[in-house]
Student: 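A single structure is presented below for examination.
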Number of protein chains: 2
Amino acid sequence: MDKVEIPKKAIYRLSLYQRCLSKLHENGKETVSSSALAGAAGVKPAQLRKDLTYFGQFGTRGLGYSVTELRDAIREALGREQLQPVIMVGAGNLGVALLRYRGFEKEGFEVVAAFDAVPEAVVSRGISVPVYGQGEVTRFIRENDVRLAILCVPGGVAQEAANELVGAGVQGILNFSPTLLQVPDAVTVNNVDLALELENLSYFVSHGE
Amino acid sequence: MDKVEIPKKAIYRLSLYQRCLSKLHENGKETVSSSALAGAAGVKPAQLRKDLTYFGQFGTRGLGYSVTELRDAIREALGREQLQPVIMVGAGNLGVALLRYRGFEKEGFEVVAAFDAVPEAVVSRGISVPVYGQGEVTRFIRENDVRLAILCVPGGVAQEAANELVGAGVQGILNFSPTLLQVPDAVTVNNVDLALELENLSYFVSHGE
DNA sequence: TCGTGTGAAGACGTTCACAGCT
DNA sequence: AGCTGTGAACGTCTTCACACGA
């Protein structure tokens, strides 16, 4: 639908910029130059400016950017204006861990429910969100208009679980299982493969001088 | 040192291929074609073949690749021939979660110890690896020749912790804190930013048709 | 004939360098 | 004068297409 395709990496960086802008705002800064913001985000100034042009013009030549304006503009561009409900599918070790880790909430997401094949085993683990049986996923997604899911089930059942999510209307899956998920084009999958990241590190450790 | 630079992404894919090869091996397959293996890994055949050429020639024209030979060749290329010791730095919710989650061990890594500012609070959490105070990190790294660390401390102290790791000789850091780590060129940092991944998904969910 | 290995072409993303606003 | 916005140049990675060996 877009005339000019926006690089996927640019979207990642936009989130990063937003985080930096929030920090600047907390520190009382009102304006910031592309080079200052880029420095904070670990990118080159030209890249930051280019990334922003994909969404519009936000700066004032000779001056820089208004911290709050740019932050809000990026928030809008990312579609993060209202709180997004997220569900956790699979509440084993990793799933429960992520539920306890509140990193998501800090950035404006609310994990509203968790699902597991054996919910009874999870309840006792001191989590604050309700835990339901796997069979209730579809109903819950439909009733609560959930579009984002975090998938933490074992690799063997990941595809099956993903099918269920997609069928119920989920449009984005954050996949922690080491499985290549097959989903329709309209659904986005972001894979976080922890073992792969470690293996990758291992290569650079062995081959660095 | 290399004449031809190997794309960082190719290294990631190599780990992926290796995982697929292990699965094929379990299923009793002895040979595999580039298109079959590429399909399993979710890439195009030409890309797989190109990736392999960075490290040598492993196939037989007209036939394909020997599953075990290719697997071993990739393992060697990745420097994964012997078990790598890894330490966990920061044993809060996320750190403990990752310790419980045995995904790393499955791929041949051994988490040998964990470190936390308040180790006493962690011991009770039913983890099998020893937990030491943060002050012992340097000694441990030196004595055990540790080169890989998983960093799960809060963002505010991440840089400080990283400095300590690097100073003691760590060469690769898997960083889960939402902080841009400043390290020497010889050290590799892989960032896993969970909130960023969710935000990224959010964009595609809002903008998909 | 089949499937690998690979130079060449193409697509994509980044960086430069400067025009143009304030 | 200062800093953004951006076309053009550059570099990197991916894909093509075909030569070559089994």
Side-chain angles (χ1 to χ4, degrees), chain A residues 2-17 20-21 24 29-74 77 180 200 203-204, chain B residues 2-17 20-21 24 29-74 77 180 200 203-204:
Chain A
D2 293 290
K3 270 281 167 47
V4 181
E5 213 45 56
I6 298 166
K8 203 171 141 77
K9 285 189 170 181
I11 311 290
Y12 271 95
R13 288 191 297 264
L14 239 49
S15 295
L16 234 160
Y17 303 152
C20 295
L21 286 165
L24 286 169
K29 296 274 179 191
E30 298 198 347
T31 60
V32 67
S33 69
S34 65
S35 49
L37 183 53
V43 304
K44 306 220 166 159
Q47 173 131 80
L48 164 62
R49 296 201 300 273
K50 179 67 96 177
D51 286 343
L52 294 180
T53 62
Y54 293 124
F55 298 93
Q57 302 187 179
F58 307 104
T60 309
R61 298 183 190 213
L63 237 164
Y65 304 90
S66 152
V67 170
T68 54
E69 267 178 36
L70 185 56
R71 184 199 56 188
D72 295 344
I74 292 179
L180 181 69
N200 189 254
Y203 171 82
F204 290 101
Chain B
D2 292 290
K3 268 281 165 51
V4 182
E5 211 46 55
I6 298 166
K8 202 172 142 78
K9 287 188 169 182
I11 311 292
Y12 272 97
R13 288 190 298 264
L14 238 49
S15 296
L16 235 161
Y17 303 151
C20 296
L21 286 165
L24 286 169
K29 297 274 180 194
E30 298 199 345
T31 61
V32 67
S33 68
S34 65
S35 49
L37 182 52
V43 304
K44 307 220 165 157
Q47 174 131 80
L48 164 62
R49 296 201 299 273
K50 180 67 95 179
D51 286 343
L52 295 179
T53 62
Y54 293 124
F55 298 94
Q57 302 186 181
F58 308 106
T60 311
R61 299 183 190 211
L63 238 164
Y65 304 91
S66 151
V67 170
T68 53
E69 268 179 35
L70 185 54
R71 184 200 54 191
D72 295 343
I74 293 179
L180 181 70
N200 190 253
Y203 170 83
F204 290 101

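Chain naming here is simple, since letters A, B, ... match the order of the sequence lines and numbering starts at 1 in each.
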Student: Using five base pairs at each end to define the local axes, how bent is the helix from C:dT1-D:dA22 to C:dT22-D:dA1, to the nearest 10°?
Tutor: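 End-to-end axis angle for the helix from C:dT1-D:dA22 to C:dT22-D:dA1: 0°, rounded to 10°.
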
Student: To the nearest 0.5 Å, what is the distance between CG on A:Asp72 and CG on A:Leu21?
Tutor: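 It is 9.5 Å, given to the nearest 0.5 Å.
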
Student: At the 4.0 Å heavy-atom cut-off to chain A, mark where contacts on DNA chain C begin and end, going 5' to 3'.
Tutor: C:dG13 to C:dT22

Student: Would you classify A:Lys50 as touching base, sugar-phosphate or nothing, given that sugar-phosphate means primed atoms plus P, OP1 and OP2, and contacts are heavy atoms under 4.0 Å?
Tutor: base

Student: Whole-Å distance between D:dT14 P and B:Ile11 CD1?
Tutor: 12 Å

Student: Within this structure, what is the NZ-to-P distance between B:Lys9 and D:dT15, rounded to whole angstrom?
Tutor: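 Value for this atom pair: 10 Å.
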
Student: Does anything in residues 40-49 of chain A come within less than 4.0 Å of DNA chain C? Heavy atoms only, and list the residues if so.
Tutor: A:Lys44, A:Ala46, A:Gln47, A:Arg49

Student: How many angstroms lie between atom OG1 of A:Thr31 and atom OH of A:Tyr65, to the nearest 0.5 angstrom?
Tutor: 12.0 Å

Student: For DNA chain D, find the residues of residues 58-70 of chain A with a heavy-atom distance under 4.0 Å and give them by number; none if there aren't any.
Tutor: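 Listed by number, they are A:Phe58, A:Gly59, A:Thr60, A:Arg61, A:Gly62, A:Leu63, A:Gly64, A:Tyr65.
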
Student: List for me each residue that meets side-chain contact (heavy atoms from CB on, under 4.5 Å) alongside B:Ile11, sequence neighbours excluded, and say none if there are none.
Tutor: A:Asn200, A:Tyr203, A:Phe204, B:Ile6, B:Phe55, B:Leu78

Student: Evaluate whether atom NZ of B:Lys8 has more than 12 neighbouring non-hydrogen atoms of other residues, nucleotides or ligands under 6.0 angstrom away.
Tutor: yes

Student: Between A:Ser33 and D:dC3, is there a side-chain N or O to OP1/OP2 distance below 4.0 Å?
Tutor: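 The answer is no; no side-chain N or O of A:Ser33 sits under 4.0 Å from OP1 or OP2.
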
Student: Of A:Lys8 and B:Leu52, whose nearest nucleotide on DNA chain C comes first from the 5' end?
Tutor: B:Leu52

Student: For the pair made of OH in A:Tyr17 and C1' in D:dT4, what is the distance, rounded to whole Å?
Tutor: 14 Å

Student: Taking atom C1' of D:dC13 as reference, at what distance in whole Å does atom CG of B:Asp51 sit?
Tutor: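 Going from B:Asp51 (CG) to D:dC13 (C1'), I get 10 Å.
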
Student: Counting N and O atoms only, with roles assigned by atom type, does the side chain of A:Ser66 sit under 3.5 Å from a partner on the main chain of A:Glu69, one being a donor and the other an acceptor?
Tutor: yes

Student: Donor-acceptor pairs under 3.5 angstrom involving side-chain atoms of residues 32-53 of chain B: please list them, not counting sequence neighbours.
Tutor:
| unit_1 | atom_1 | unit_2 | atom_2 | d |
| --- | --- | --- | --- | --- |
| B:Ser33 | OG | B:Ser35 | OG | 3.2 |
| B:Ser33 | OG | B:Ala36 | N | 3.2 |
| B:Ser34 | OG | B:Arg49 | NH1 | 3.1 |
| B:Asp51 | OD1 | B:Arg13 | NH2 | 3.0 |
| B:Asp51 | OD2 | B:Arg13 | NE | 2.7 |
| B:Asp51 | OD2 | B:Arg13 | NH2 | 3.4 |
| B:Asp51 | OD2 | B:Tyr17 | OH | 2.7 |
| B:Thr53 | OG1 | B:Lys50 | O | 2.6 |

